[in-house]
2 protein chains.
Amino acid sequence: MDSSPAANPPPAEMRRRPGGRSAQVRGAVLAAVRTLLVEHGYDALAVDTVADRAGVHRTTVYRRWRDVGGLLADALDEAADDGWRPPDTGTLHGDLHALNREVADALTADPSLSAALIAASFRSEQAARALRAFWDDRYERCAVVVHRAAARGEIPAGSDPRRLLVAATAPLYHELVLLRSPHDDRLARQAAGYATAAAREGAFV
Amino acid sequence: MDSSPAANPPPAEMRRRPGGRSAQVRGAVLAAVRTLLVEHGYDALAVDTVADRAGVHRTTVYRRWRDVGGLLADALDEAADDGWRPPDTGTLHGDLHALNREVADALTADPSLSAALIAASFRSEQAARALRAFWDDRYERCAVVVHRAAARGEIPAGSDPRRLLVAATAPLYHELVLLRSPHDDRLARQAAGYATAAAREGAFV
DNA sequence: TCCTTAAGGCGACAACTGTTGCGTTAAGAT
DNA sequence: ATCTTAACGCAACAGTTGTCGCCTTAAGGA
């Protein structure tokens, strides 16, 4: 490749040794994580298995990612930069319902990255941090849903977006993740429903 | 049903060999579980550690409880028969707030049995089942809170107790368990608040 | 081209997890 | 008092998880 002596601008925003072996290893390992997760679900995600599949030595994975949670966290970070945008259906209830449907789909997908990360977050500090960052980002992006509703006059101005959004989505997480209830679209709709009702009453100002 | 020739009344409700060695072993093991959980938290709850503390052989624990989740599940079953009753403050909001305070206390206790069980439920089917049964029981007992509110005319008759209770408690679980937010009594109060508001609007009928 | 040095490869290791076969104990029945 | 048998104790075992020290590789700078 180009080995020009002068004017050697760093190719990307990555420091250290950008295009080198490290990057290749990281790519191979994260690819292995994704593949194994899709093929065999969370249970297949042992550090050994991932290293094996990536053609990399165990110790390398242990040193760079520490545990399965670290692997998932890194994989999530890479995936979080998608240009996801919240739904815009024209009503608060419609937006929240659509949002809850997305949440339900993510949680009940066959090998669910979300579910895997939640499980991992109880065993790995890295995974817990990544999950929290992911959710913070999502709630941030969703704030516009609440602002639009306020602008339309559906709910009082000054309603706290995060609290409203948590109120709308939490029952779904509670049923699907903690109580392991079977998935039912009524859950998504009803949760959106009473969050909307409470918001109209000014419960989030 | 009973086809025993002579009247042979079973001494207690436990079958098999009630007062014998099995019962002693079970008692010792569950006591060890409680002790270790209080002293060192969930992390100290390895099968080996429990067996050691109980003065019982490892294999015995593995055969009877299978894993840590099984131990926690059994410990929870024993503890679930306390005569717990929901608060009765005179208003729906007061009851829900008091309830949420109890939930928050249970979740933020230093070594929290609840938190340990939630974590274990992701790794053990037994623990997941026990936790679900525990919650079902609690929601059942709490239904009276909703019925009283309806009787007082605070909320429409026919409001679904379970859905209302989930709506009131889920945001708390979401913040404390999933998002790991720092504990703040406002969480408990606000969640009780908008569940009450939505209930008044008839969102749970 | 050569040098420096993170990062990766390798093997050994200890600790933990879970299972199996077999002998022993003791609860409850005759 | 004796018998039967479920449950326990025991030891050996295999598989997994995570760490360590040491050597080798190759990226990037001179």
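Lettering follows sequence order; numbering is per chain, from 1.
- Between the CZ atom of Arg58(B) and the P atom of dA12(D) there is a distance of 13 Å, rounded to whole Å.
- Atom-to-atom, CG of Asp43(A) to C1' of dT16(D) comes out at 15 Å; the value is rounded to the nearest Å.
- Side-chain atoms of Arg64(B) lie closest to dA7(D) of the nucleotides dG18(D), dG9(C), dA7(D).
- Computed from coordinates, the Asp52(A) CG to dG15(D) P distance equals 15 Å when rounded to whole Å.
- A cation-pi contact links Arg180(A) to Phe122(B), judged by a cut-off of 6.0 Å to the six-membered ring centre and 45° from its axis.
- Between the side chain of Thr59(A) and the base of dC20(D), no donor-acceptor pair of N or O atoms lies under 3.5 Å.
- Summarising the geometry, the separation between CG on Asp48(A) and P on dG9(C) is reported as 14 Å, rounded to the nearest angstrom.
- Looking at Arg141(A) and Asp137(A), a side-chain N of the basic residue comes within less than 4.0 Å of a carboxylate O on the acidic one, giving a salt bridge.
- With salt bridges taken as basic N to acidic carboxylate O contacts below 4.0 Å, one links Glu78(B) and Arg26(B).
- For the OP1/OP2 pair of dG18(D) and a distance below 4.0 Å, the side-chain nitrogens and oxygens of Tyr62(A) include at least one atom meeting the criterion.
- For Thr60(B), the side-chain atoms get nearest to dG9(D) when compared with the rest of dG11(C), dT19(C), dG9(D).
- Between Gln24(A) atom CD and dT25(D) atom C1' there is a gap of 13 Å when expressed in whole angstrom units.
- A salt bridge is defined here as a Lys NZ or Arg NE, NH1 or NH2 lying under 4.0 Å from an Asp or Glu carboxylate O, and Glu175(B) with Arg162(A) meets this definition.
- The CG atom of Leu187(B) lies 9.0 Å from the CG atom of Asn100(B); values are rounded to the nearest 0.5 Å.
- With rounding to whole Å, Arg26(B) atom CZ is found 18 Å from dA27(C) atom C1'.
- Looking only at side-chain heavy atoms (C-beta outward), Arg138(B) and Trp84(B) come within less than 4.5 Å of each other.
- Atom NE2 of His57(B) and atom P of dA12(D) are 11 Å apart (whole Å).
- Along DNA chain D, the nucleotide nearest to Val68(A) and the one nearest to Val56(B) differ in position, and the one closer to the 5' end is contacted by Val56(B).
- For Arg66(B) and dT20(C), the CZ to P distance is 10 Å, given to the nearest whole Å.
- In the helix from dT1(C)-dA30(D) to dT30(C)-dA1(D), the end axes, each obtained as the rotation axis mapping the C1' atoms of four pairs onto the next four within a five-pair block, lie 20° apart to the nearest 10 degrees.
- Taking every side-chain heavy atom of Arg63(B) into account, dC10(D) is the closest of dT19(C), dC10(D), dG9(C).
- Residues Ser114(A) and Leu107(A) approach most closely at CB-CD2, 3.9 Å, considering heavy atoms.
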